[in-house]
Amino acid sequence: MKIAVLVFPGSNCDQDMYFALRNVLHYEAEYVFHTETSLDGFDAVCVPGGFSYGDYLRCGAIARFSPIMPAVIQFAESGKTVLGVCNGFQILLEAGLLEGALLRNEQLQFVCKNTPVIVENNQTRFTQLYAAAEVLHLPIAHGEGNYFCDDATYRRLQQRRQIVLRYHNENPNGSLHCIAGICNERGNVLGMMPHPERAVESLLNNTDGLRLLQAAFLEAAVPV
């Protein structure tokens, strides 16, 4: 069982994710560069944060056309696990794997801090190790994390319990109804703005992200 950590020009959280998976969780993980065209042999995919292609044009808009993305779409459509964090969330939206869009932060400023997040749905493969309505404190670092969708889409997300995480007691970027993370209808693709991979060690004074990565890749938990 192997986890692919995608690398685009400008990715800067790929090493954080790789470290968390390999050195903290002891999962088998490998980098997969944007120029590859296949995910054969992998059982899960992480699309990490950063500034893919410098965020030129629009965050994730260019990465969405990378050679690896058709394989990611096919991978997701097969029901396998795909996790997108921050810029990875933006790429998954641009690729059409998730509904909605991410706009510039409401205050038009980059935000970088720990923020409280409530687990809206703990019945997903990503959040199954959290309690219902558990409040986490996770790092955020983005300039375009303002989630938006139209009313019909929001109602659909609500009805299907695809809203997985919401900001709690604050809305750091102006996201619609404080949405911080959503999954697809099938539940195998999650996009989220907070960074779980930066909250996995007591050395960092924060382990709230650990159970999300553990849950997401339970089937990949083969020590290396």
Discussion item. So which atom in S11 and which in L6 form the shortest heavy-atom distance, rounded to 0.1 Å?
Written reply: OG-O, 4.5 Å
Practice prompt. Give a yes or no on whether a salt bridge exists between E120 and R166, defined as a side-chain N under 4.0 angstrom from a carboxylate O.
Written response: yes
Worksheet item: How far apart are the closest heavy atoms of L213 and A20, and which atoms are they?
Response: CD1-CB, 4.1 Å
Fill in: Contact summary for S66 and Y53, nearest pair of heavy atoms
OG-OH, 3.0 Å
Worksheet item: Is a salt bridge present between R22 and E30, judged by a nitrogen-to-oxygen distance below 4.0 Å?
Response: no
Worksheet item: When you check the gap from the basic side-chain N to the acidic O, do E144 and R104 get nearer than 4.0 Å?
Response: no
Worksheet entry | Pair T115-E170, side-chain donor/acceptor within less than 3.5 Å | yes
Worksheet item: Quick one: salt bridge (Lys or Arg N to Asp or Glu O under 4.0 Å) partners of R161, sequence neighbours excluded?
Response: none
Practice prompt. Could you pull out the closest heavy-atom pair between N12 and G50, with the gap in Å?
Written response: OD1-CA, 3.0 Å
Fill in: Lys/Arg N to Asp/Glu carboxylate O, E77 vs R186, below 4.0 Å
no
Practice prompt. Mind listing the closest non-hydrogen atom pair of N206 and H137 along with its distance?
Written response: ND2-O, 2.7 Å
Worksheet item: Any side-chain donor-acceptor pair under 3.5 Å between T124 and N121?
Response: no
Practice prompt. Look at the aromatic rings of Y27 and F217 and report parallel, tilted or perpendicular, splitting at 30° and 60°.
Written response: perpendicular
Item to complete: Spell out, as yes or no, whether a donor-acceptor pair under 3.5 Å connects the side chain of N122 to the backbone of Y130.
Response: yes
